> 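Mind looking over this structure? Questions follow.
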Amino acid sequence: MTIVPLRARKLAAAGVALGMLVVIPAAAHAAPASSNAAPSGRNAPLKLNQMQVIGTQNSFHQEPPANEKAIRLALTGPQVEQTIEYTHASVAKQLGEQKVRQLEFDVYADPTGGKYATPYLRVAAGNGPMDPVMNQPGAKVLHLQDVDYHSSCLTFVKCLQQVKDWSDRNRDHVTVAIMLEFQDRPLIVPGETEPRPGTVIPIKWDRAEMLGLEREILSVFPRDRLVTPDNVRKPGKTLEQSVLQDGWPTVDSTRGKILFMMDNDGTYRDSYLQGNPSLQGRLLFTNSKPGVPDAAFMKRYVWDQGGVAEITALVRKGYLVRTRADADTMQARNNDTSTRDTALATGAQWVSTDYPVPGMASRFNGSPYYAAIPGGYTARCNPLTAPSYCNCGLLN
């Protein structure tokens, strides 16, 4: 992969000013009740797409020690370096104290183990061998191989075990969504056109490797602890038809469960859909588009041209949408809350941030920036789709 900040890739899109604030009336909150079931004689209980939560981007990300950071700065330059100046708390702390309900893991295929055990930056800094777990077979979790590889859970299975351990202790939690980004591009540093000697060429994520990742998921979570496309699709209907016509499962029926979704689209999505166009038997919801059988979840950005209107329309139709409150540390550095507020107002069910609690951005000249659900709630009644009887206080 060529190292280019997301800001340069995404924020140049015209048509949506980051300073704009879309104001959409919040759903009314009913008086406290024992559940979010509808009062007698009224509509069905609250559904999965009728709430909104905060997520984290690169939930595993850790900054390197000073000697590695100095080498990386010289290698990639300050423009890249400033985009990755954040360190997340442990997965358990994010889910617990920080009230995060959507995580993201970047996954690298490593079926025989050892592929990413000697990162270029670590070797250059003379920091010794990595954790032996890197030699074990199974997917690894890191941001950019060789140069931004420090992770709070180096293996995919370890990340999932941390989620499950927390979930086992808090079985009444609303569904935790986990976004997976399949990473397999060579690393090309700024000013160069080919992978630098000594850096690793990742294994491609073909269908066989993706199904292997499913087996890793099932080695940690039994199927009855997952929300899968099979749980949503109705007999004789595509996944999209089921979502739009019949709706999502209820919040209460999916408590204590995990939902997986794919960040990638294009050839990754195409490979995963081979032989199961409506995700029959699959574990992940694909990043899709309206009008196709697998359409249920979509990733969209508020800063893209027409992004705000598109997200709002998708949410109103019944799709699940993930967007972001900030990117590349830019909003945090400037305490710019406009993108965050716009993202929350769109009704996107998952709004991801690098700064889920106060204090994380204070390194930037004392910036008080953070992104959280308003009112201190873990989740809130979706501002676009929640029924009037929805009670935020019961969404934990």
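Every heavy atom of this structure was used, including side-chain atoms; hydrogens, water molecules and symmetry mates were not. Keep in mind the model is a prediction, meaning the values are calculated, not measured.
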> Could you check if a side-chain atom of Ser352 sits within less than 4.5 angstrom of a side-chain atom of Thr323, using non-hydrogen atoms only?
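Not touching, per the 4.5 Å side-chain cut-off.
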> Exactly one of Lys204, Lys140, Lys115 should register a salt bridge (Lys or Arg N to Asp or Glu O under 4.0 Å) with Asp184. Which one does?
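For Asp184, the salt bridge (Lys or Arg N to Asp or Glu O under 4.0 Å) test succeeds with only one of Lys204, Lys140, Lys115, which is Lys204.
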> Indicate if Val292 and Tyr272 have the same hydrophobic cluster label, given that clusters are the connected sets of ILVMFWY residues with side-chain heavy-atom separations under 4.5 angstrom.
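Different clusters: Val292 never reaches Tyr272 through Ile, Leu, Val, Met, Phe, Trp or Tyr contacts under 4.5 Å.
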> Is any side-chain heavy atom of Met330 closer than 4.5 Å to one of Gln82?
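Gln82 does not reach Met330 side chain to side chain.
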> So Tyr370 and Thr353, do their side chains get closer than 4.5 Å, heavy atoms only?
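No - every pair of side-chain heavy atoms lies 4.5 Å or more apart.
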> Are any of the side-chain heavy atoms of Asp263 and Phe182 separated by less than 4.5 Å?
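Asp263 vs Phe182: side chains apart.
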> Can you tell me how far CZ of Arg333 sits from OG1 of Thr83, rounded to the nearest 0.5 angstrom?
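Going from OG1 on Thr83 over to CZ on Arg333, the span is 8.5 Å.
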> Counting heavy atoms not belonging to Gln274, are there more than 12 under 6.0 Å from its CD?
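Buried by this count: over 12 neighbours within 6.0 Å.
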> Are the side chains of Tyr116 and Met134 in contact, using a 4.5 Å heavy-atom criterion?
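Result yes, sub-4.5 Å side-chain heavy-atom pair found.
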> Quick one: which of Thr250, Asn396, Asn170 gives a side chain to side chain donor-acceptor pair (under 3.5 Å) with Arg255?
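Answer after filtering Thr250, Asn396, Asn170: Asn396.
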> Please tell me if the side chains of Cys392 and Ile373 come closer than 4.5 Å, counting only heavy atoms from C-beta onward.
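Cys392 does not reach Ile373 side chain to side chain.
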> Is the closest side-chain donor-acceptor distance between Thr76 and Arg72 under 3.5 Å?
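No.
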> Can you say whether the rings of Phe260 and Phe156 are parallel (under 30°), tilted (30 to 60°) or perpendicular (over 60°)?
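Phe260 and Phe156: perpendicular rings.
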> Could you state the interatomic distance from OG1 (Thr56) to CD (Gln98), rounded to the nearest 0.5 Å?
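Answer rounded to 0.5 Å: 8.0 Å.
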> Ring-plane angle category for Tyr369 and Tyr355, please: parallel below 30°, perpendicular beyond 60°, tilted otherwise.
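Aromatic pair Tyr369/Tyr355 classed perpendicular.
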> Do Val107 and Val141 come close enough that some side-chain heavy atom pair is under 4.5 Å?
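Result yes, sub-4.5 Å side-chain heavy-atom pair found.
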> State, with a plain yes or no, whether a side-chain heavy atom of Cys381 is found less than 4.5 Å away from one of Asn391.
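In short, these two side chains do not touch, never coming nearer than 4.5 Å.
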